[in-house]
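Here is the structure we will look at, set down as structure tokens.
Here is how names work: the chains are called A, B, and so on, in the same order as the sequence lines, proteins then strands, and each is numbered from 1.
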Amino acid sequence: MNRVPQVDDTPPHRYDARLANEIEKKWQDRWEAEGTFHAPNPVGDLAEGFDEVADLPKLYVLDMFPYPSGSGLHVGHPLGFIGTDVYARYMRMTGHNVLHAMGYDAFGLPAEEHARQTGEHPRVNTEANIANMRRQLRALGLAHDERRSVATTDVSFYRWTQWIFLQIFSSWYDPEADRARPVADLIAEFESGERDTGTGTPWAEMSEIQRRELIDSHRLAYVDEAEVNWCPALGTVLANEEVTAEGRSERGNHPVFRRPLRQWKMRITAYADRLLADLDLVDWPNSVKIMQRNWIGRSEGARVFFDVADRPDATIEVFTTRPDTLFGATYMVLAPEHPLVEQVTTETWPEGTPDRWTGGAATPAEAVAAYREYTARRSDLERQVDARDKTGVFTGGYAVNPVNGDRLPVFIADYVMMGYGTGAIMAVPAQDQRDWDFAAAFDLPVIRTVQPPDDFEGEAWTGEGTTINSANPEAGLVLDGLGVEEAKTTIIAWLTEHGHGEGTVTYKLRDWLFSRQRYWGEPFPIVYDDTGLPIALPEEMLPVELPELIDWAPRSLDENAEPEPPLGRATDWAEVELDLGEGPRKYRRELNTMPQWAGSCWYYLRYLDPTNDGAFVDSTVERYWMTDPTGGVGGVDLYVGGVEHAVLHLLYARFWHKVLYDLGHVSGPEPFSRLYNQGYIQAAAFQDSRGVYVPAAEVVEEPDGSFTYQGQPVERIFGKMGKSLRNAVTPDEMYESYGADTLRLYEMFMGPMDQDRPWETKSVIGSHRLLQRVWRNLIDEQTGQPNISDVEAPEELRRSLHRTIAGVTEDFAAMRFNTAIAKITEFNNELTRLEGPTPEELATPLVLMLAPLVPHFAEELWSRMGHPRSLIREPFPTFDPGLLTSDTVEIPVQMNGKVRTRITVPADADREAMTAAALASPRVVELLGGAEPRKVIAVPGRLVNIVV
RNA sequence: GCCCGGGUGGUGGAAUGGCAGACACGGAGGAUUCAAAAUCCUCUGCCCGAAAGGGCGUGCGGGUUCAAGUCCCGCCCCGGGCACCA
């Protein structure tokens, strides 16, 4: 290579990656040493310095709890963190005591899988990952109060997770008071006889075990033998919410099987109504509220009891949202697993049973057995695909319609599910398309009870209409002529009066399956005695620490394997001798662990008071940070995270918060008063002709716009950044090429915070150039000294500055960082055109406006401009409204809505003056050609439109 | 199927019913330089035109309005959520 030796004539003090890295390191160290980001608490360990901020309003800004992944961060991860940091820094400069902290949601499957593969304890791996993530985040210059950083895996943290579990375990939901209360109150009410036990046996006559079982059945955390989602590949059960519609695990996409198992559950359904109603109190994206509402799935209707013909002991209870259509019921359906199926099924087929109904079986019992087997084999996916092809068999039994005594054949069919309502329906084909489809397939009658519109040509009519064919005058029941709503009210009253049913509300929401067969999670603070009933460990025995495990050997588990909690292998730990008040006795520990959601249900409360050994959070501290002084619902002031947590995490956390609120441990009913969903950074990924992903960084864009990798054409797609698509770009790469401030600025500039956007490494240079230009406007690149003078700024630039401040202030407050940056850029571009040193009155506000976005950069300039102290609490620049307007404005003149020319008029010109000026302009005179305009619209300060 | 979002230059995106495309990337040209990088300046939606200027243009089709990316009606496409929920 005979290259000419290069002389590096880059000025010594140019803002480039090398200088940026130097500056960033310096300021990060200084911030840490000076505790710049410490947010003082009103009392307790972290109260130092509170006097200085006592008069300021508080602000609690929070990021969703990150999982410290082993592969480290890519540039998509910190988008939200940077956004909250910019906002939090801005709010500090507008005079708020801002709490912003970051912790780690560090329990979970990946660390345990890693342990299985390497034999290394999950804690070792987890702590290494946390350390790496801390390093990467620190390099971004995020203004977190590092004293408040916690990890769910810290014993000092999960001790309080266990404590909260005990609070929930020791509570029950009092429907009259509509809140959770201590179980002790319930026992007292049973003892005094104030509350009926509901078992038919008075408390005084119950045995000790009966009493415990009764109490346990009321607890908000309870053990239940129930159908659960067993995922052998993960070796654990999953919550319903963790299973996809295809019957696979959300994590890893492994097959999931239904099987009965003894498991912990949380009675979240008791809170269904409040979780729904209180959504009205919070400032959340509408889409998230809707998702939560759908998930809770409240629906109003009625329970109706149907006697079974010739079976006096059996009653089929159905839930319907359309009790007004009861006269249109022509058959009944039970879910295949419904417990009444055996009782309803007859020995032989009734006379005249159509062949279509029997499934070809000789007896109803055989038909039922065969159909049950068929449905058990059928996957959820298959069922969805042919949802309109209804299947089922007749049980041979009949139910009696309470409104008119009609005999209705009872079927089993898999379009009715055990998990919703009562697992049984009355089928009304005329007003329900699913029932219509089934009726058509099985040749069942259709009776319209709502008059469809004359031009209706469809099948089932589910809309409004007049009730018809619905009268039984002898029973005192006439619905004919009523609208749907009136008919519902009338029939519910009739059902209630005659003991055939009642109005009721049903929810889709199920109780929350709370135990997992994993090691790397919080142990339950629960032991069992000989009765097999759970006993809460007393608070003083917390924490219950995880035992050390040596055996990480993978177990091959299949569908039929007995789920086996790893803690069962810690035999020394599993059995324990304790004195729980009755002298030392042997107990068995609970071997399941809590799901990963547990820690994220309350971490935001621990940030408030992370070092407190006497309480999960001090109540004065909690009130200070979580109460809205203006009387709002309170809670975290701004919570930012991805929309993928719209249902699970946010619903669980709200539930725990409400329990804690009911028990008096927190001051408000909602944890997060304002929620903001950040978008995702997507990135281009490239597939070769075999469909294999190639390293995106090595793909070349050809002049014709196509892409090649090593000379071979590849195809571009967009997707999540990550290892699997081989398109990850790390923050470390960006620090090296441009510095962290450039990365921050670019991420904020790419587009609105709440939108997905594609990452483009080649565009980062633009943000870097902005910083270079600002630097050059304020610093002499040869000497590194400020190039700033105290001469007055030209009038035009001063006005421009004040317009910029006004716009940026508004944009920052609304988290529109991209447009704020555009305004700053525009102002700086004007500044660039100015000859000579930059006037101080322009330089200072510019630096302060940039400070939230690029904090190291701004601190460095601030310091070079002669300020000894950090600008962290420097007041944000204010603007003079008088400078926002100018004396004259240029406005467009339209003719018939099309811009034809522009005129300059005094800013305060009224309609007449504007019209006159417009009509006098040469261009308008020319175009009018002497004609009279039909009409002239003049909007002061805006435009003139001449209609001809 | 139902419920939410969203469709604007080559690209990311900007626009209280009032000049569509701010700002940036990319591209073109120029200044500077022995040369290059860097920097600075100019241009850059499409079409016609030498220019002046004109026409078209915010997914498609209608409508309201002096004026529509923005409001209304009907479609199409993309993304997300839910889904035989009685």
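- At the heavy-atom level, A:Lys508 lies under 4.0 Å from base atoms of the strands shown.
- Pair assignment for B:rA52 gives none, since no Watson-Crick or G-U wobble pairing has each distance under 3.5 Å.
- Pair assignment for B:rA14 gives none, since no Watson-Crick or G-U wobble pairing has each distance under 3.5 Å.
- Contact annotation: A:Arg434 side-chain N/O to B:rC85 OP1/OP2 distance is under 4.0 Å.
- Across all their heavy atoms, A:Val899 and A:Pro892 have their closest contact at CG1-CB, 4.1 Å.
- Contact check, A:Gln433 against B:rC84: no side-chain N or O comes under 4.0 Å of OP1 or OP2.
- Within 4.0 Å of A:Arg900, counting heavy atoms only, lie sugar-phosphate atoms of the nucleic acid but no base atom.
- Side-chain atoms of A:Asn777 come within 3.5 Å of backbone N or O of A:Arg773 as a donor-acceptor pair.
- Here A:Arg769 does not reach the OP1 or OP2 of B:rC23: none of its side-chain N or O atoms lies under 4.0 Å away.
- Of the candidates B:rG18, B:rG13, B:rC23, B:rG18 carries the atom nearest the A:Leu943 side chain, counting heavy atoms from C-beta on.
- Between A:Tyr15 and A:His768, the ring-plane angle classifies as tilted under the 30° and 60° cut-offs.
- Figure legend: A:Lys390 and A:Phe438 shown without cation-pi pairing, the cationic atom not lying both under 6.0 angstrom from the six-membered ring centre and within 45 degrees of its axis.
- Checked for salt-bridge contact, A:Arg298 and A:Glu300 meet the test: a charged N lies under 4.0 Å from a carboxylate O.
- With no hydrogens or angles considered, no side-chain donor-acceptor pair links A:Tyr415 and A:Thr391 at under 3.5 Å.
- Contact annotation for A:Asp435: no contact, since no heavy-atom pair falls under 4.0 Å across all strands.
- Contact annotation for A:Asn286: no contact, since no heavy-atom pair falls under 4.0 Å across all strands.
- At the heavy-atom level, A:Asn294 lies nowhere under 4.0 Å from the strands shown.
- Pairing for B:rG57 is absent, judged as Watson-Crick or G-U wobble with the two contacts each under 3.5 Å.
- Among the nucleotides B:rA38, B:rG18, B:rG13, the one closest to any side-chain atom of A:Val939 is B:rG18.
- Side-chain proximity of A:Asn945 to B:rA86, B:rG12, B:rA67: nearest is B:rA67.
- Nearest to the side-chain atoms of A:Gln894 among the listed nucleotides B:rC85, B:rG18, B:rA22 stands B:rG18.
- Here A:Ile937 lies in heavy-atom contact (under 4.0 Å) with a base.
- At least one side-chain nitrogen or oxygen of A:Arg776 sits closer than 4.0 Å to the OP1 or OP2 atom of B:rC40.
- When Watson-Crick and G-U wobble pairs are counted only if both distances are under 3.5 Å, B:rA83 pairs with no nucleotide at all.
- Under 4.0 angstrom from either OP1 or OP2 of B:rU39 there lies at least one side-chain N or O belonging to A:Gln772.
- Donor-acceptor pairing under 3.5 Å, judged by distance alone, is absent between the side chain of A:Lys823 and the base of B:rC23.
- Contact annotation for A:Val947: backbone-only contact, meaning every heavy-atom pair under 4.0 Å involves sugar-phosphate atoms and none involves a base.
- Note on ring orientation: taking the six-membered ring where Trp is involved, the planes of A:Phe857 and A:Trp775 are tilted (angle from 30° to 60°).
- Base pairing of B:rA67 is not made with any nucleotide, judged by Watson-Crick or G-U wobble geometry with both donor-acceptor distances under 3.5 Å.
- Here A:Arg773 lies in heavy-atom contact (under 4.0 Å) with sugar-phosphate atoms only.
- Closest contact between the side chain of A:Lys898 and the listed nucleotides B:rC56, B:rC85, B:rG13 involves B:rC56.
- A:Arg923 comes within contact range of the sugar-phosphate backbone alone, with a heavy-atom separation under 4.0 Å but no base atom that close.
- Distance from the side chain of A:Met417 is smallest to B:rC85 among B:rC85, B:rC82, B:rU16.
- Within the shown strands, B:rC41 is the pairing partner of B:rG29 under the Watson-Crick or G-U definition, both distances less than 3.5 Å.
- Checking B:rG5 for Watson-Crick or G-U wobble geometry (two distances, each under 3.5 Å) identifies B:rC78 as its partner.
- Note on A:Lys289: nothing from the nucleic acid sits closer than 4.0 angstrom, heavy atoms only.
- Residue contacts for A:Ser299: at a heavy-atom cut-off of 4.0 Å it reaches the sugar-phosphate backbone alone, with no base atom in range.
- Across the interface with RNA chain B, nearest-nucleotide mapping of A:Val643 and A:Asp432 shows A:Val643 to be the residue nearer the 5′ end.
- Residue contacts shown for A:Asn818 are limited to sugar-phosphate atoms, with no base heavy atom under 4.0 Å away.
- For the OP1/OP2 pair of B:rC25 and a distance below 4.0 Å, the side-chain nitrogens and oxygens of A:Lys762 include no atom meeting the criterion.
- Projected onto RNA chain B by closest heavy-atom contact, A:Asn896 and A:Thr832 fall at different nucleotides, the more 5' of which corresponds to A:Thr832.
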